[in-house]
Every structure is written in structure tokens, then in C-alpha cells.
Amino acid sequence: MHSVLLRWIKRLLMSLGALLLLAALLFVGGNLWVVGSTARYIESQVLECRPADVGIVFGTSHWTRSGLRNPHFHARMRTSALLANEQRVSHLLLSGDNRTQAYNEPRAMWRDLHRRGVPAEQLTMDFAGFSTYDTLARARDVFQLEQALLVTQSWHLPRAIFIGRALGLDVMGCVAEENPAADEWRLRAREWLARVATLGDIYIWNRQPYFLGPPEPIELQNVVPFTAPTLDRLEPEQVL
């Protein structure tokens, strides 16, 4: 009886070890696949980013949990304003979360970019960009885009580009970078997990966006050059 129990425990441990090894291989392999297959579509210098009619800006909170200004948010806004100022993009699609009346990422982006000098007619808000997948699916199906320039941090761009191209969009990435933040390691770790989950969303579960709605094609306006104010030199309370 004792020997049977030991054999059973040994087989169980071997099975668990094999499952852990398989999970590790899937985790590492999935990340290498997403990062490796998208690297050629990413530019780290703004003025080297491929021009596009529309730039898609991914939403994030204006503030950190500790109550400080979110450096990731402001890096995305700086980069997006520069792209518009340099006429690398003609229009910006601001896509983010607006689940509650008190939390509105697209509105915060619109206000910040407008204060940086981007004309209102070059800005469109997407209030149902609840995730990276939702943002890109809605860009294709609601806003009728076929091509776009994606603006977000370097650790987020591989997954965003992977999703966009899997959905049939011709997308490139433009890095919105800043000095490393204190909690950035948490975001990067979460992103490693999200890349693997994305493979399941696309190839296994055939994920659908939370909300689509009727088509709302973006109408491009004639672009008038503008000079963006140097908001980064202002005091924090002057840019809220």
C-alpha cells in the first residue's frame, strides 16, 4: 500500500512538472513570437515614424494610484501632439475607457492635446476602447480604418501591433517613451501575461469587442500647420 501511494505521488509530481514546463514554454514562446514578429513595425524616434492619415492613441489614467501625474499618459500626449505638429498624422483617434461618469480617458486626452495646440477637428474620441483589443477592433469596424499609426509605450506596442495586424489592419508603431517610472516593472510583467492571453483571444476564443455600434467613419480635414505650446514648461496645475 505504501509503495502504491509513493508511485501515485511520483506520477502526480511528474505530471505537474510537465505541465509547469509546458506553461513556461508557452509563456516564453508566446512573448518571443509577439515581440519578434512586430519589431520591424516599430520606430522609436518620432520623426522617423511612418506618416499616416490617422494615429491611434491608447488611453490610460491621467493620474497614478499614488495621486501623481501619470508619466505614461503625458508621454503619449507629447508624442501625439508632436506627430500632429510635424504633420506625420492628419487625425488622432483617442481611444480609452469611459465606464463611469467620473472616469473618462478619451476626454482627458482630448483636453490635454487641445491645450497642446491640436485643433478640435483633428481629434476623435472613442469612449468604448476598454482594452487594446477593443480599441483596434473598433478602429476597423466602427471608424472604418484600414491603416493607422499606433502611439503608446515600447512595452505595449508589440501586443498592439500584433492584434492590429491579426485583425487585418496595416499598422505601424510610434514609441511614446519617457524616463522609467517607479512602478513600470509591474506594467511590463502584466504585459508579458497579456501577450500570451492575446494569442488565445485571437486564435482560440475568437474574442469579440465589448461594444461596437454603428459605423462612424473618420472624415479627414485639411490640415493647417500649428505651433504647439510648450506645456511641459508650465506648472502642473496649469495643464490640468
Side-chain angles (χ1 to χ4, degrees), residues 1-44 56 58-61 64-66 70-72 75-76 95-97 99 105 128-141 148 150-212:
M1 181 66 180
H2 182 68
S3 60
V4 172
L5 180 60
L6 287 177
R7 285 199 301 270
W8 185 86
I9 293 174
K10 183 178 180 180
R11 290 174 182 174
L12 177 61
L13 292 176
M14 291 178 63
S15 298
L16 289 175
L19 287 174
L20 289 174
L21 178 60
L22 178 60
L25 290 174
L26 289 174
F27 180 81
V28 174
N31 273 273
L32 290 176
W33 181 13
V34 172
V35 174
S37 64
T38 58
R40 64 184 180 275
Y41 302 115
I42 298 174
E43 289 291 349
S44 58
I56 299 176
F58 293 87
T60 187
S61 175
T64 65
R65 293 182 179 179
S66 59
N70 186 349
H72 306 305
R76 295 178 196 184
S95 182
D97 195 342
R99 290 180 186 269
E105 291 176 352
F130 303 128
S131 67
T132 302
Y133 189 95
D134 285 38
T135 288
L136 292 161
R138 285 175 54 80
R140 182 192 66 181
D141 297 336
L150 310 185
V151 182
T152 185
Q153 271 68 38
S154 60
W155 40 264
H156 183 206
L157 274 173
R159 179 164 61 97
I161 291 173
F162 191 91
I163 293 171
R165 292 195 164 267
L167 293 175
L169 293 168
D170 179 12
V171 291
M172 297 285 288
C174 194
V175 172
E177 210 55 273
E178 71 289 317
N179 294 327
D183 63 344
E184 189 167 308
W185 68 270
R186 292 189 182 91
L187 295 173
R188 291 179 179 270
R190 187 174 67 180
E191 190 63 25
W192 297 338
L193 294 171
R195 290 172 189 154
V196 178
T198 289
L199 297 177
D201 289 339
I202 294 172
Y203 298 113
I204 300 176
W205 300 295
N206 189 28
R207 176 176 174 175
Q208 299 299 314
Y210 182 78
F211 176 78
L212 278 177

**Prompt:** Should Phe58 and Leu136 count as side-chain neighbours, where that means a heavy-atom distance under 4.5 Å?
**Reply:** yes

**Message:** If I take atom CZ from residue Phe130 and atom CD from residue Glu105, how far apart are they, to the nearest 0.5 angstrom?
**Reply:** 10.0 Å

**Request:** Go through Arg195 and Val35 one step at a time and tell me if the side chain to side chain contact (heavy atoms under 4.5 Å, CB included) criterion holds.
**Result:** CA-CA 9 Å; Arg195 290 172 189 154; Val35 174; 3.6 Å; yes

**Request:** To the nearest 0.5 angstrom, please state how far the CG atom of Leu26 sits from the CG atom of Asn31.
**Result:** 11.0 Å

**Asked** Looking at Phe211 and Ala128, what are the two nearest heavy atoms and their distance?
**Response** CD2-CB, 4.2 Å

**Item:** Arg165 side chain near Met172 side chain, heavy-atom distance below 4.5 Å
**Value:** yes

**Message:** I'd like to know if the side chain of Arg140 reaches the main chain of Leu167, judged simply by a donor and an acceptor atom lying under 3.5 Å from each other, with no hydrogens or angles considered.
**Reply:** yes

**Request:** Output, in order, the C-alpha distance, side-chain angles, deciding distance and verdict of side chain to side chain contact (heavy atoms under 4.5 Å, CB included) for His72 and Trp155.
**Result:** CA-CA 11 Å; His72 306 305; Trp155 40 264; 4.1 Å; yes

**Message:** Is there a side chain to side chain contact (heavy atoms under 4.5 Å, CB included) between Asp134 and Arg207? Walk through the geometry before answering.
**Reply:** CA-CA 9 Å; Asp134 285 38; Arg207 176 176 174 175; 3.4 Å; yes

**Pairwise distance OG(Ser131) to CD1(Ile163) - rounded to 0.5 angstrom** = 7.0 Å

**Request:** Just say parallel, tilted or perpendicular for the rings of Trp33 and Tyr203, cut-offs at 30° and 60°.
**Result:** parallel

**Asked** Minimum heavy-atom separation for Pro209 to Ala137, with atom names?
**Response** CG-CB, 4.0 Å

**Prompt:** Sub-3.5 Å donor-acceptor pair from the side chain of Glu177 to the main-chain atoms of Ser44, do we have one?
**Reply:** no

**Message:** For Thr152, run the side chain to side chain contact (heavy atoms under 4.5 Å, CB included) check against Ile161, Ile56, Thr135, Leu157 and tell me which one passes.
**Reply:** Leu157

**Message:** With a sphere of 6.0 Å drawn around CZ of Phe27, does it hold more than 12 non-hydrogen atoms of other residues, nucleotides or ligands?
**Reply:** yes

**Complete:** Heavy-atom nearest pair, Arg188 first then Ser154, reads NH2-OG, 4.3 Å

**Request:** Taking the side chain as every heavy atom from C-beta outward, state whether Thr60 and Asn70 have any atom pair closer than 4.5 Å.
**Result:** yes

**Request:** Just do the side chain to side chain contact (heavy atoms under 4.5 Å, CB included) check on Leu150 and Tyr41 with the steps written out, would you?
**Result:** CA-CA 10 Å; Leu150 310 185; Tyr41 302 115; over 6 Å; no

**Complete:** Nearest heavy-atom contact between His156 and Thr132 is NE2-OG1, 2.8 Å

